[in-house]
Every structure is written in structure tokens, then in C-alpha cells.
Amino acid sequence: MAGSPTDEKQVDLNKDEHMFEQNEDKAAEEPMSEEEKERQMEEWKEELARVEGEITTLRQVLGSKVRYASELKRKMGITPFQELKHDFSEGIKSIQQSETYQKTSSAVKTASEKTNETVRNVASSVSKKIGDLRNTGAFKSVEEKVGGAYANVKAKVTGSKSEDNFESALEKETGNMDANAANGTQPSSLPEEKVPL
């Protein structure tokens, strides 16, 4: 069975690289006369023209193959967006399956677990220290003083509210008296206080 065109091109490329290396080795080993240098330059020019021609041919073949592949994809209903999406998901999958990603993911997970454990330990320690602090005499003394001050302030605030309520009640009663006078009814008289002389 004959080799594929790709295999033949690979053989040609390997042959060209080998010839180039041999020519470089010869040039490095022996000093060349002017005639030999000119002859060598002519060979290289011919070789360069041949290689550039092959490159042009390969580009044309590749371009026609790309167009044909695009046409087949269009007929199958595959859009460029679907291709991009597929390539992206495949790229992500290959990254996630890479050894580096696996090691990094494992390291991050371990660090996260250690950090969480450390935070829990610190929180537990702080909570215990606060509990111990609450049981000290100094804290209880401060707590009693603050509690007493709070009770005093609360009593004053409550007292001022009752005064406000009294004033409101007085104004309400005064308003009722004015309304009764406007209606022609007499307010009930209050008993007079007798003050000893």
C-alpha cells in the first residue's frame, strides 16, 4: 500500500532538513574558494525557490481543504458559535484533567480546610476568653455599674414620658372644657380645696 501524501511530504521535509545540516557541516569544516562559494549560493537559491514553491502549493491545498471542511460543517448545521462553544468546553475539560490543575485544586482545598479549622479554633478561644472575663470580679463590678446607670436613665426617661402624658391629658381636658363652653354646657365643677389659714 502506498503512503499518504502527508507521509510523503514529511519524508521530503526530513530529507531537506538533513541536506541543510550536511551543507552547514561542510561549510564549517573547509574553507571555500570564491568559485565554490558562488556555486554554493546558487544551490541554495535553487533550493530556496523549490521550498518556497512547495510552501505555496501546501498553502493552496490547505486553503481548499479548509473551504471544503467549512462547507461540510455548513451542510451539517454546525455554526462557528457551536464550534467555539465546543472548543471552549474541550479546553476547560483538558485543563481540569491536567496534572497541574489537579494539584492546584487539591492544594486550594487543603488550604481552605485548614483556614476554616483555624477560624473555628480562634472563635472558640475568643468565646471561652469572653466567658472567663465575664466571671471576673472587675467585669461584674462594671456590669453592675452599667446596669445601675441604665436603670437610672430608664427611670428618668419613663418619668419624662409620664409628664408628657400628664401635659397631654391636661391639654385634652382644657380642650374639652372649651368645647363644652362652645356647646353651652357647663363643665362640672371641681370641689374646692380648703386650705387652713
Side-chain angles (χ1 to χ4, degrees), residues 1-136 138-139 142 146:
M1 184 169 134
S4 69
T6 307
D7 292 340
E8 290 173 9
K9 296 291 182 187
Q10 187 64 38
V11 170
D12 286 346
L13 291 174
N14 291 338
K15 186 176 101 178
D16 291 345
E17 288 176 12
H18 184 68
M19 281 178 35
F20 181 73
E21 289 171 1
Q22 283 180 344
N23 289 338
E24 267 190 347
D25 291 342
K26 282 182 184 177
E29 290 173 6
E30 305 171 8
M32 299 172 75
S33 67
E34 286 299 316
E35 286 179 7
E36 290 175 338
K37 284 182 183 179
E38 286 180 23
R39 188 178 49 80
Q40 185 68 50
M41 287 296 277
E42 287 300 317
E43 287 178 17
W44 287 343
K45 286 179 183 177
E46 290 172 8
E47 188 67 22
L48 179 61
R50 185 183 64 79
V51 170
E52 286 178 344
E54 289 176 2
I55 290 171
T56 303
T57 303
L58 289 173
R59 282 185 181 154
Q60 290 170 350
V61 170
L62 181 62
S64 68
K65 297 275 186 191
V66 167
R67 284 190 296 278
Y68 183 62
S70 296
E71 182 66 23
L72 289 174
K73 288 177 185 177
R74 187 186 63 75
K75 288 178 180 179
M76 292 170 57
I78 299 173
T79 63
F81 179 73
Q82 289 173 328
E83 284 186 86
L84 181 65
K85 184 178 171 184
H86 179 263
D87 291 345
F88 183 74
S89 66
E90 287 297 316
I92 294 294
K93 194 183 296 182
S94 70
I95 288 171
Q96 289 175 340
Q97 292 172 350
S98 71
E99 185 178 337
T100 305
Y101 179 85
Q102 297 294 330
K103 287 180 181 178
T104 304
S105 177
S106 175
V108 167
K109 184 178 180 183
T110 303
S112 175
E113 289 171 357
K114 287 181 180 179
T115 302
N116 289 340
E117 183 180 338
T118 303
V119 168
R120 280 193 298 272
N121 290 341
V122 168
S124 173
S125 175
V126 167
S127 178
K128 184 178 182 225
K129 295 285 183 191
I130 289 174
D132 292 346
L133 182 64
R134 283 189 170 171
N135 293 331
T136 63
F139 186 83
V142 170
V146 169

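Just the heavy atoms: all of them, side chains too, but no hydrogens, waters or symmetry mates, feed the values below. What you are looking at is a predicted structure, and each value in this text was computed from that prediction instead of being measured.
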Query - Spacing of I55 atom CD1 and L62 atom CG [to the nearest 0.5 Å] - result: 12.5 Å
Taking [Y]'s backbone N and O only, do any of them form a donor-acceptor pair with [X]'s side chain (distance below 3.5 Å, no angle check)?
X    : Y    : result
S112 : V108 : no
T115 : A111 : yes
S105 : Q102 : no
T57  : G53  : yes
S124 : R120 : no
S125 : V122 : no

Query - Ion pair check, R50 and E54, cut-off under 4.0 Å - result: yes
Query - Under-4.0 Å salt bridge between E43 and R39 - result: yes
Requested in this report: Would you indicate whether E113, at its atom CD, is surrounded by more than 12 heavy atoms from other residues, nucleotides or ligands within a distance under 6.0 Å?
Outcome: yes
Requested in this report: Count the heavy atoms of every other residue, nucleotide or ligand shown that sit under 6.0 Å from CD of E99, and state whether that count exceeds 12.
Outcome: no
Report task. Test salt bridge (Lys or Arg N to Asp or Glu O under 4.0 Å) on K93 and E90 and set out the steps. Result -> CA-CA 5 Å; K93 194 183 296 182; E90 287 297 316; 3.8 Å; yes
Report task. Determine the minimum heavy-atom distance between G91 and S94, stating which atoms define it. Result -> O-OG, 2.9 Å
Query - Heavy-atom side-chain proximity of E35 to E38 below 4.5 angstrom - result: no
Query raised in the report: Just wondering, do Q40 and W44 contact through their side chains at under 4.5 Å, heavy atoms?
Result: yes
Donor-acceptor contacts under 3.5 Å from residues 76-84 side chains, at least two apart:
unit_1	atom_1	unit_2	atom_2	d
T79	OG1	Q82	N	3.2
Q82	OE1	T79	N	2.9
E83	OE1	K73	NZ	2.5

